[in-house]
Amino acid sequence: MVSTDILQFGEGNFLRAFVDYCIQNLNEKTSFSGKVNVIQPLPSGKIEQLKKQKGKYHLYQEGVMAGKVIQEKLQINCIDQMVNPYQEFDNYLKLAENENLNFVFSNTTEAGIALEPSDIFEARPPKSFPGKLTRLLYHRFQKFDGDPLKVLHIIPCELINNNGNKLREIILELCDTWELREDFKSWIQKNYFYNTIVDRIVPGFPKKDLEFYKKDLPFDDQLIVTCEPFFFWVIEGSKDLLKIFPVDQLDNITVKVLPDIGIYRTRKVRILNGSHTTIVPVGLLHGTLTVSETLKDDFIKNFLSHTLFEEIIPSIEFDKKELEDYARSVLERFSNPFIIHQMESISLNSISKFKVRVLPSLLSYYYKTGKVPENLTFAFAALIYFYGKEVSKHPYPIKDDPQNISLFKEIWKENKIEKVVEKTLANSILWDQNLAEIDPLKDVLNQALNAIASNNKICEAYSVYLRLLS
């Protein structure tokens, strides 16, 4: 097969343990022959170290899958060129002239796919990722005189909904702002922009036990990346993509190409991300500091298991067995002894996370059954108590929008729990709706928060709360 060239915006841990790992597998196990050209999207990054290592590095998969402990090492060598557009802008544009260029992958963080009003076409390079990509696509359009056969398959991996659609919208807006040719805009529309969901935990460089990881390596690898063995990637598009990107031929990783990925987004957000957000305030108030610790603690483990199988899964309209299998894999991943995932770091922006990841399950369960889910509501109460730092006096910093921190500081000046609950639920800025209108939720949340505020240990508060509900 003719070599397929790939542009990759981002040289961080995730892309190297996800996209590059996938390309490496395709190169080794199929007729695909992919060369990855890595672009550093920010002024500072790892591109110089990657150049020193000639694009090579080692990936360690560590974890438990189906009850089996996995520790595997793989050298990644599919990277070809490495370009810093801030220092080599002409070389950056030259990448667009490649006849064999077919794919663009990216992970520039959730904030990366955003319009930067100060971006200008003449910048070398524009500040934003969409700006850089627009500039490169325009150069390709000019080089090949708008040839429709030279369009690209653009597959972003940023963790935002409809990431491909969003990226295309911003590029088209930049075309208008920069007053680029109308036929270029038409050509942009012929490029393939894919929405995606990516799912793999990547801790990155192993700071602990470094000697173990560096043992017997052929060179001094400063870019070792560790990750879990679980790998799941869903790409929204036509099966025709598989003709040029034959991921269906890989049996060791799961990549699906589907016409609609919505249910998989719901599954991941509610079960994986929702579990994280649910256990953070409960776990921290209980004294478990890492995710793996929570799966060793009987109280939190049972709490999470009940929440997943009795409340979150019943709230989702999808094949029950598939949801339960995924939930079991999530619990196994959370118990991974090789990954030290600090609960405190997951607590960042917990209010907005709760709104997106947990509240939909809570409300869906209520509207389907007519009952308020007891564990999700208890987690909601724990979150409110966690944000009342002056009252709860826990040792962990609240990491959130200053407006949210101030809001809860003001709410907790109330002397009565009922007032705290009422003001929290009624704040439509937090939840995009007035939750105080749901009387059963308000009643159960009052009981949960009263139990937490009245007991020294959250596990005791949970027992009192269940007795109150029975």
List the steps and the verdict of side-chain hydrogen bond (donor to acceptor under 3.5 Å, both in side chains) for Y264 and E322.
-> CA-CA 11 Å; Y264 286 99; E322 190 168 336; 3.1 Å; yes

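- Screening I154, T196, N107, I155 against N163 for a side chain to side chain contact (heavy atoms under 4.5 Å, CB included) leaves a single residue, T196.
- In this pair, W187 and F184 present their aromatic rings parallel. The plane angle is below 30°, not in the 30 to 60° band.
- Side-chain atoms of E158 and T108, non-hydrogen and from C-beta on, do get closer than 4.5 Å to each other.
- With hydrogens and angles left out, the side-chain atoms of D240 and Y192 include no donor and acceptor closer than 3.5 Å.
- Figure legend: cation-pi geometry between R267 and F318 absent, as NZ or CZ is not positioned both under 6.0 Å from the six-membered ring centre and within 45° of its axis.
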Determine, step by step, whether N336 and R333 satisfy the side-chain hydrogen bond (donor to acceptor under 3.5 Å, both in side chains) criterion, reporting the C-alpha distance in whole Å, the side-chain angles of both residues, the deciding distance to 0.1 Å, and the verdict.
-> CA-CA 5 Å; N336 188 341; R333 294 164 70 191; over 6 Å; no

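- At least one side-chain heavy atom of F386 sits less than 4.5 Å from a side-chain heavy atom of I398.
- Residue-environment remark: NZ (K320) stays at or below the threshold of 12 foreign heavy atoms within 6.0 Å.
- Contact record, S350 with T277: O-CG2, 4.3 Å, taken as the closest heavy-atom pair.
- Summarising the local packing, NZ of K143 is surrounded by 12 or fewer heavy atoms from other residues, nucleotides or ligands at distances under 6.0 Å.
- Remark: K185 NZ is packed, more than 12 non-hydrogen atoms of other residues, nucleotides or ligands lying under 6.0 Å away.
- Annotation: ring-ring contact (aromatic ring centres under 6.0 Å, His included) contacts of H341 (sequence neighbours excluded): H276.
- Within a 6.0 Å sphere centred on NZ of K52, other residues, nucleotides and ligands contribute 12 heavy atoms or fewer.
- Nearest heavy-atom pair across A379 and P281 is O-CG, 4.0 Å.
- Classified by interplanar angle (parallel below 30°, tilted 30° to 60°, perpendicular above 60°), the ring pair F18/F231 is parallel.
- Centroid-to-centroid, the aromatic rings of Y21 and W233 stay 6.0 Å apart or farther.
- Between P41 and E11, some side-chain heavy-atom pair lies under the 4.5 Å cut-off.
- Annotation: cation-pi geometry not satisfied between R135 and F89 (NZ/CZ under 6.0 angstrom from ring centroid, within 45° of ring axis).
- Counting all heavy atoms, side chain and backbone alike, R140 lies closest to A96 at NH1-O, 2.8 Å.
- Among all heavy-atom pairs drawn from C78 and D20, the shortest one is SG-O, 3.6 Å.
- Neither side chain, R181 nor Q142, offers a donor N or O lying under 3.5 Å from an acceptor on the other.
- A donor-acceptor contact closer than 3.5 angstrom is absent between the side chains of K353 and N349.
- Contact check for L95 versus L101: no side-chain heavy atoms found under the 4.5 Å cut-off.
- Under the 30°/60° scheme for interplanar angles, the aromatic rings of Y194 and H153 are found to lie parallel.
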Can you check side-chain hydrogen bond (donor to acceptor under 3.5 Å, both in side chains) on K166 and N162, steps first, answer last?
-> CA-CA 6 Å; K166 181 70 174 173; N162 301 313; over 6 Å; no

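- Here the closest non-hydrogen pair linking A381 and L445 is N-CD1, 3.6 Å.
- A heavy-atom distance below 4.5 Å is found between the side chains of T266 and I316.
- Side-chain contact check for Q53 versus Q49: some heavy-atom pair is nearer than 4.5 Å.
- Distance alone, capped at 3.5 Å, is enough to place a donor-acceptor pair between the Q24 side chain and the N77 backbone.
- By the 4.5 Å heavy-atom criterion applied to side chains, Q433 and S428 are not counted as neighbours.
- Counting non-hydrogen atoms of other residues, nucleotides and ligands closer than 6.0 Å to NZ of K54 gives a total of 12 or fewer.
- The local environment of NZ in K389 is crowded, with over 12 non-hydrogen atoms from other residues, nucleotides or ligands closer than 6.0 Å.
- Ring-centre distance between Y60 and F338: not below the 6.0 Å cut-off.
- The nearest pair of heavy atoms linking N375 to E311 is N-OE2, 2.8 Å.
- Paired with R16 under the rule side chain to side chain contact (heavy atoms under 4.5 Å, CB included), one option of L223, I76, I224, L59 passes, and it is L223.
- Using a 4.5 Å heavy-atom threshold, the side chains of F408 and L430 count as touching.
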